[in-house]
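Taking it in order: structure first as structure tokens, then the write-up.
Because the structure is a prediction, the values reported are computed rather than measured. Keep in mind that the numbers below use all heavy atoms, side chains included, and drop hydrogens, waters and symmetry copies.
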Amino acid sequence: MKNLAKYWQLLLVVPLFCLVACTGDSATGRGAKITIGTVSYTEGAQVLKKYARFQDHLAEKSQSFVALDPAFNENRALARIRDRSWSLIFAPPGLAALAMQDAQYQPLFPLQGISNLRSILVVRKDSPVQNVKALNHRSVALGQVGSVTGYYFPLFNLYGLTLSELVFAPAPRTVLEWVASGRVVAGALSKEEFDTYASQIPGAQFRVLAADAHYVPSGVLLISPTIERNRQEQLRKILRETPSVIAQEVGFIPTGALPDYRYLFSVVGRVHQIFPDAPTAAQLKPARLQAGTGSRAEYPAYGGPD
């Protein structure tokens, strides 16, 4: 009889255990999987090493399984943002703006970044092109959708032109390679990216044709709207109390003020008037950069080389 009683007790305990476990593993509760999203042009091993201690810290404090899911270009990142498959995003400014506007992600903390990041257009040093207007009916390379310096700011400033061809490079270095080889006349990227990659292309000589007058705000650490509000506050507290060494490794500032995205939101909105649906082809031939309302005078022109 004692054995029979223990048998019935076991039958009652097992379902109860399953109920508790399943509840703790819900999509938003404690114990649920947390997926970290980031964009990186570097090799996977480097990214995994960079986030390893942060993953361990977050997993321990949240009592959750934490996975890193890097995207190696902006297009892949946008797909994950749209289906909200990332719980937390270490988002550069362009992707952060899209995630906040289109997918209702919420900003938590600013990311470390270059305080004076700017968008530039470059040409070969021997190019006859001397100003932005001279790019009319010529070929230009941009970065991927989601890049502020490689996509949004350049399109914003090239508004009104008709380009013979507009091509979208998978990475900033590719933009410079295409300019150097003559594949395109001009290419857009950030000044920082230019300084990093220009010297890595053998025999190439470039000239900065124009620089946007506006500085790009820093990126943001975002949290998914699919996470329940109390859980969001729990994660916010954990992140705020992250040891400074670990926070610095992954590049967010727990004590920092969030950047002002108002101007960037307006740029994204204007660009969406040019391309209501983001281009899905690798090139547009020709590309008429005209849409929406208002005159060209309402758009900030590139300044001179800086």
Side-chain angles (χ1 to χ4, degrees), residues 37-48 50 68-83 85-86 89-99 102 113-114 117-124 135 138-158 163-204 206 208-209 212 216 219 268 271-272 274-275 277-287 289:
T38 184
V39 181
S40 175
Y41 299 113
T42 60
E43 295 298 326
Q46 293 176 271
V47 180
L48 293 175
K50 175 181 177 180
L68 180 67
D69 179 26
F72 297 101
N73 62 53
E74 285 86 354
N75 278 339
R76 294 181 181 179
L78 282 173
R80 288 163 171 77
I81 288 171
R82 288 180 182 126
D83 64 21
S85 61
W86 282 340
I89 310 176
F90 286 79
L95 288 175
L98 290 174
D102 298 344
I114 307 301
L117 190 65
R118 296 174 69 180
S119 172
I120 62 173
L121 279 172
V122 299
V123 295
R124 282 173 37 160
L135 291 175
R138 297 178 186 267
S139 56
V140 174
L142 301 183
Q144 296 288 310
V145 178
S147 169
V148 173
T149 54
Y151 182 84
Y152 285 107
F153 277 17
L155 279 177
F156 193 65
N157 288 289
L158 293 169
L163 305 177
S164 62
E165 184 180 21
L166 187 62
V167 292
F168 304 96
R173 175 171 175 152
T174 308
V175 171
L176 291 177
E177 290 172 343
W178 287 352
V179 173
S181 67
R183 169 72 176 82
V184 296
V185 173
L189 69 170
S190 74
K191 180 65 164 58
E192 180 199 27
E193 291 163 344
F194 176 73
D195 292 341
T196 299
Y197 296 116
S199 61
Q200 298 179 13
I201 302 174
F206 301 100
V208 176
L209 178 67
D212 189 279
V216 178
V268 172
V271 170
H272 284 177
I274 299 174
F275 295 126
D277 298 312
T280 56
Q283 66 183 87
L284 296 174
K285 191 174 183 177
L289 307 184

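- The shortest non-hydrogen separation linking Arg173 to Ile201 is O-CD1, 4.2 Å.
- What you find for Ser139 and Ser164 is that their closest heavy atoms are N-OG, 3.3 Å.
- Two residues are said to be in side-chain contact when any heavy atoms from C-beta on lie closer than 4.5 Å; Asp102 and His272 meet this criterion.
- Taking all atoms of both residues into account, the shortest heavy-atom contact from Ala180 to Ala204 is CB-CB, 3.8 Å.
- Ring pair Phe194/Phe206 is perpendicular by interplanar angle, where above 60° counts as perpendicular and below 30° as parallel.
- The backbone N or O of Asp69 lies less than 3.5 Å from a partner atom in the side chain of Trp86, making a donor-acceptor pair.
- Atom OG of residue Ser40 and atom CZ of residue Phe72 lie 6.0 Å apart, to the nearest 0.5 angstrom.
- Counting heavy atoms from C-beta on, the side chains of Thr149 and Arg118 never come closer than 4.5 Å.
- Side-chain contact between Tyr152 and Leu98 is present, with at least one heavy-atom pair separated by less than 4.5 Å.
- Distance CZ/Phe153 to CG/Leu121: 13.0 Å, rounded to 0.5 Å.
- Within the 4.5 Å cutoff, side-chain heavy atoms of Val271 are placed close to those of Tyr151.
- In this structure, CD on Glu165 lies 4.5 Å from CZ on Arg183, to the nearest 0.5 angstrom.
- Of the options Val140, Val208, Val184, Leu209, a side-chain contact (heavy atoms from CB on, under 4.5 Å) to Val123 is made by Leu209 and by none of the others.
- You'll find the side chain of Leu95 reaches within 4.5 Å of the side chain of Leu78, heavy atoms only.
- Shown here for Leu189 and Pro172, the closest heavy-atom pair between the two residues is CD1-O, 4.1 Å.
- When all heavy atoms of Ala186 and Leu135 are compared, the pair lying nearest together is CB-CD2, 3.7 Å.
- Across all non-hydrogen atoms, the minimal contact from Val175 to Leu142 is CG2-O, 4.1 Å.
- From Leu68, atom CG reaches atom CG of Leu48 across 6.0 Å, with rounding to the nearest 0.5 Å.
- To the nearest 0.5 Å, atoms CG (Leu284) and CZ (Phe168) are separated by 4.5 Å.
- Between the CG atom of Leu158 and the CG atom of Leu166 there is a distance of 8.0 Å, given to the nearest 0.5 Å.
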